[in-house]
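As structure tokens, the structure follows; a few thoughts come after it.
Bear in mind that the values here come from a model prediction, so they are computed numbers and not experimental data.
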Amino acid sequence: MIQSIQKVIKIGSSGGVTIPAKEMKRQNIKFGDEVKITIVPTNVINGDNVELVKLTQKLIKRHEQALKNLSQR
């Protein structure tokens with residue numbers, strides 16, 4: 001299972017998201033394979049996860065450079 005946040009990009013008149021190459025390799029996904037996706041907008045925050053989102057944002061801000069370095073590996 002791959003769980004990540006991706007931006008919707010414009011593809012013609014449609015929208016699309018990408019699957020990172022390392023995740024495709026790790027999950028043995030090939031071009032042309034069918035995958036099941038679930039779409040949950042990240043801007044929808046309910047009372048159950050407000051504190052989790054705040055904590056996550058705080059941690060991301062605190063470790064921003066380290067996370068950028070990891071993403072470039």
Side-chain angles (χ1 to χ4, degrees):
M1 180 166 131
I2 300 170
Q3 191 172 46
S4 68
I5 296 174
Q6 299 288 335
K7 288 190 179 198
V8 177
I9 59 173
K10 186 171 177 77
I11 303 173
S13 61
S14 299
V17 295
T18 60
I19 301 171
K22 63 183 176 182
E23 288 298 330
M24 286 183 65
K25 184 175 182 179
R26 188 170 70 85
Q27 297 288 331
N28 197 30
I29 297 170
K30 307 285 186 249
F31 292 108
D33 287 354
E34 292 185 356
V35 296
K36 180 179 177 180
I37 63 167
T38 302
I39 299 171
V40 179
T42 59
N43 59 352
V44 176
I45 300 173
N46 61 39
D48 295 337
N49 62 11
V50 170
E51 289 302 316
L52 179 60
V53 170
K54 287 180 182 179
L55 177 61
T56 302
Q57 289 171 337
K58 183 178 176 182
L59 289 171
I60 289 171
K61 187 173 183 178
R62 182 184 305 157
H63 301 288
E64 183 175 7
Q65 189 58 51
L67 292 169
K68 284 181 182 179
N69 292 342
L70 283 171
S71 73
Q72 294 173 356
R73 288 185 170 191

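Residues meeting the side-chain contact (heavy atoms from CB on, under 4.5 Å) test with I37, sequence neighbours left out: V35, I39. Partners of K68 by side-chain contact (heavy atoms from CB on, under 4.5 Å), not counting sequence neighbours, listed by chain and number: E64, Q65. The side-chain contact (heavy atoms from CB on, under 4.5 Å) check on N28 picks up K30, with sequence neighbours excluded.
The minimum heavy-atom distance between M24 and I19, with the atom names listed, is CG-CG2, 3.4 Å. What you find for T18 and I9 is that their closest heavy atoms are CG2-CD1, 4.1 Å.
Counted within 6.0 Å of CG on L70, heavy atoms from surrounding residues, nucleotides or ligands total more than 12; the atom is thus considered enclosed.
Listed for the K10 side chain is a donor-acceptor partner under 3.5 Å among the backbone atoms of G12.
Separation of atoms NE2 (H63) and NZ (K58) is listed at 10.0 Å; rounding is to 0.5 Å.
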Item checked: Chi angles and distances behind the side-chain contact (heavy atoms from CB on, under 4.5 Å) call for E23, R26 -> CA-CA 5 Å; E23 288 298 330; R26 188 170 70 85; 2.7 Å; yes
